[in-house]
Amino acid sequence: MPVLDRFFNSTELGRQWRTGEEPMPFPMGSLPSYQPGTLACELPEMIRMVKLIWKSKSELRGTKQRGILENEDALGDARVRGQTGVLSERRGSYPFIDFRLLNNTTHSGEIGTKKKVKRLLSFQRYFHASRLLRGIVPQASLYLLDEDYLGQARHMLSKVGMWDFDIFLFDRLTNGNSLVTLLCHLFNVHGLIHHFQLDMVTLHRFLVMVQEDYHNQNPYHNAVHAADVTQAMHCYLKEPKLATFLTPLDIMLGLLAAAAHDVDHPGVNQPFLIKTNHHLTSLYQNVSVLENHHWRSTVGMLRESRLLAHLPKEMTQDIEQQLGSLILATDINRQNEFLTRLKAHLENKDLRLEDAPDRHFMLQIALKCADICNPCRLWEMSKQWSERVCEEFYRQGDLEQKFELEISPLCNQQKDSIPSIQIGFMTYIVEPLFEEWAKFTGDTPLSENMLSHLRRNKAKWRSLLHKQHSSSRSNDHSGQVTENEEQTLNEGDIP
């Protein structure tokens, strides 16, 4: 694909960022100084520094005004081509799907216009995010941790590298801001703020953009899922086989791609968009429609926030292209493509992680694992994620039935039970990928732990499916199960 071609033919920019001993090309500016090799400051100190930096930057008002004018000048086209040549989607240019539009009523245009205008005013959210820093208490939830309940969240962050990390509890402790808080912490821990000379106010603004462009009304594809994938990615980046070769650029790309890989997800899948003639399907010609949208939206937010504006143009172009390659790899339709390549590399033992292309490929595999790692979590969390994703499937099925569309596979609540869906998903998607990942990492404690949880969770779903079967047989003396569940039960017995 073009993105991969451009990436693999480019120079290995990440090498120049390998060690902290090399001279930094940019002045520190107003950022506080850090000692290389030392752990970054605690979250309360980060909050205080953000407030101090904010007060000292009166020029942000000028930036704000220029940004609004640029927004207004570009409203004629939802996609904006920057200096790097990569098309981006202006943030909020594609509002989440309002299914009332399918009714084709006289009010449909009005509904879409109001939502579009509201989301196009992206600086409204920027103003709201800045209210706390100006000393004004916002009416909605806070974007930074309040010091009153900072202790519990900070204690959880000290264990962010543990596989039993409870993202649901962390989201409650952070008042629904798990993604922003987690990314701030991980960027700090990995030394990325210091290494890339990132402005903390700008970083926070970008992360707020990403978090708010997830739709909380989605049971599964929301900001908590993004935070969960990011935490899993952090765990994978620490695997010794991979961590030895990773550059700071690789780490930043992995975390950013994990955080934004499903941004602005509408809560329905690609076939639904195709059936309803959604404009995104025409824009991306029915190929990785949602993944392309997530990528281009991320590029748009990076440019709007100007998070990387101080870096060389060649580096920002490389970052945007590699982000695209990583996010596009999460397309489930490309599962066999990546699995086949991984198996071939492992059989031939030709992975050279010293080379940028091979490192990038393993980052793609790591992100794919993080995206579907829910069956490898503890049963309590895994079960909750399974119920959430199936609820999202069933909502789509109900919409398809309501508007007399063909119900998509796995979306029929009357025929597709949660246990049957999960058994099939684990057997044909999750297990093959994680078994190869374990071969790559060398059966580390994390890999063994994930496979152990996976097999245990699969056995529990199989037990629940048998109970459903027994219950239906007791209610129906004919003793017949549905054809769909009988097939899935047989499939679940396959080792």
Side-chain angles (χ1 to χ4, degrees), residues 1-25 84-86 190-192 195-196 232-258 261 288 291 295 299 308 311-331 334-371 432-444 446-447:
M1 58 186 300
V3 171
L4 284 173
D5 291 341
R6 291 195 296 270
F7 163 64
F8 289 135
N9 291 332
S10 63
T11 58
E12 190 179 345
L13 295 175
R15 289 296 182 184
Q16 63 184 341
W17 303 91
R18 175 176 288 277
T19 64
E21 299 175 356
E22 298 177 7
M24 299 302 296
T84 62
V86 177
H190 286 286
L192 302 178
H195 192 88
F196 292 102
M233 190 67 169
H234 168 65
C235 293
Y236 298 156
L237 294 177
K238 292 171 55 183
E239 287 285 60
K241 185 71 174 294
L242 190 59
T244 305
F245 301 94
L246 291 178
T247 67
L249 181 60
D250 295 327
I251 296 173
M252 185 172 72
L253 285 168
L255 295 178
L256 285 178
H261 79 285
S288 298
E291 291 73 24
W295 167 35
V299 171
L308 307 176
L311 298 178
K313 183 175 67 174
E314 294 77 9
M315 173 163 281
T316 58
Q317 179 180 9
D318 184 53
I319 289 173
E320 290 178 355
Q321 292 173 348
Q322 291 195 58
L323 278 176
S325 178
L326 289 171
I327 294 175
L328 289 174
T330 62
D331 187 350
R334 302 179 63 192
Q335 183 78 3
N336 289 334
E337 170 194 340
F338 282 95
L339 188 59
T340 301
R341 285 180 59 191
L342 179 59
K343 287 182 177 179
H345 280 304
L346 295 177
E347 290 175 1
N348 299 330
K349 298 180 179 180
D350 58 358
L351 272 175
R352 292 181 52 84
L353 297 181
E354 300 88 349
D355 299 336
D358 284 355
R359 283 202 314 278
H360 183 79
F361 173 70
M362 290 314 303
L363 283 178
Q364 290 176 312
I365 296 297
L367 182 57
K368 290 180 68 64
C369 288
D371 191 25
L433 181 61
F434 277 87
E435 287 172 355
E436 296 303 317
W437 175 260
K439 293 178 183 177
F440 164 73
T441 59
D443 295 325
T444 60
L446 174 59
S447 294

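Sequential numbering from 1 along the given sequence is applied to the chain's residues.
Between the Trp295 side chain and the Glu320 main chain, a donor and an acceptor come within less than 3.5 Å of each other. Under the 3.5 Å distance criterion, the side-chain polar atoms of His345 are left unmatched by any main-chain donor or acceptor of Leu342. A distance-only check finds no donor-acceptor pair linking the side chain of Asp331 to the backbone of Leu328 [under 3.5 Å].
Shortest non-hydrogen contact noted between Leu237 and Ala243 is O-CB, 3.3 Å. The shortest heavy-atom contact between Ala329 and Lys368 is O-NZ, 3.0 Å.
For Ala438, the side chain to side chain contact (heavy atoms under 4.5 Å, CB included) partners at least two apart in sequence or on another chain are Asp443, Ser447, Leu451. Residues meeting the salt bridge (Lys or Arg N to Asp or Glu O under 4.0 Å) test with Glu436, sequence neighbours left out: Lys439. For Asn348, there are no side chain to side chain donor-acceptor pair (under 3.5 Å) partners at least two apart in sequence or on another chain. Partners of Lys238 under the side chain to side chain contact (heavy atoms under 4.5 Å, CB included) rule, at least two apart in sequence or in another chain, are His234. Legend: residues meeting side chain to side chain contact (heavy atoms under 4.5 Å, CB included) with Ala366, ordered by chain and number and at least two apart, are Met233, Tyr236, Trp437. Every residue two or more places apart in sequence or in another chain was checked for a side chain to side chain contact (heavy atoms under 4.5 Å, CB included) with Asn336, and none qualifies. Taking Asp371 as the reference, nothing meets the salt bridge (Lys or Arg N to Asp or Glu O under 4.0 Å) condition, with sequence neighbours excluded.
Tested against Leu339 for a side chain to side chain contact (heavy atoms under 4.5 Å, CB included), the candidates Arg341, Glu337, Lys343 yield a single pass: Lys343.
Ionic pairing of Arg352 and Asp355 is present here: one or more N-O contacts between side-chain nitrogen and carboxylate oxygen are shorter than 4.0 angstrom.
One finds the CG atom of Asp358 at 11.0 Å from the CG atom of Leu363 (value rounded to the nearest 0.5 Å). Distance check: Glu239 CD to Met362 CE gives 10.5 Å after rounding to the nearest 0.5 Å. The CZ atom of Phe440 lies 6.5 Å from the CG atom of Leu351; values are rounded to the nearest 0.5 Å. Atoms CD1 and CG, on Ile319 and Leu308 in that order, are 5.0 Å from each other to the nearest 0.5 Å. Within the model, atoms CG of Leu367 and CG of Leu253 stand 11.0 Å from one another, a figure rounded to the nearest 0.5 Å. For the atom pair Asp250 CG and Phe245 CZ, the distance stands at 12.0 Å (nearest 0.5 Å).
The shortest side-chain heavy-atom distance between Ile251 and Leu192 falls under the 4.5 Å cut-off. Residues Leu446 and Thr441 have side chains not in contact (no heavy-atom distance under 4.5 Å, counting atoms from C-beta outward).
A donor and an acceptor atom, one from each side chain of Thr330 and Glu291, are nowhere located under 3.5 Å apart.
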Pair Met252, His190 - check side-chain contact (heavy atoms from CB on, under 4.5 Å), show working.
CA-CA 9 Å; Met252 185 172 72; His190 286 286; over 6 Å; no
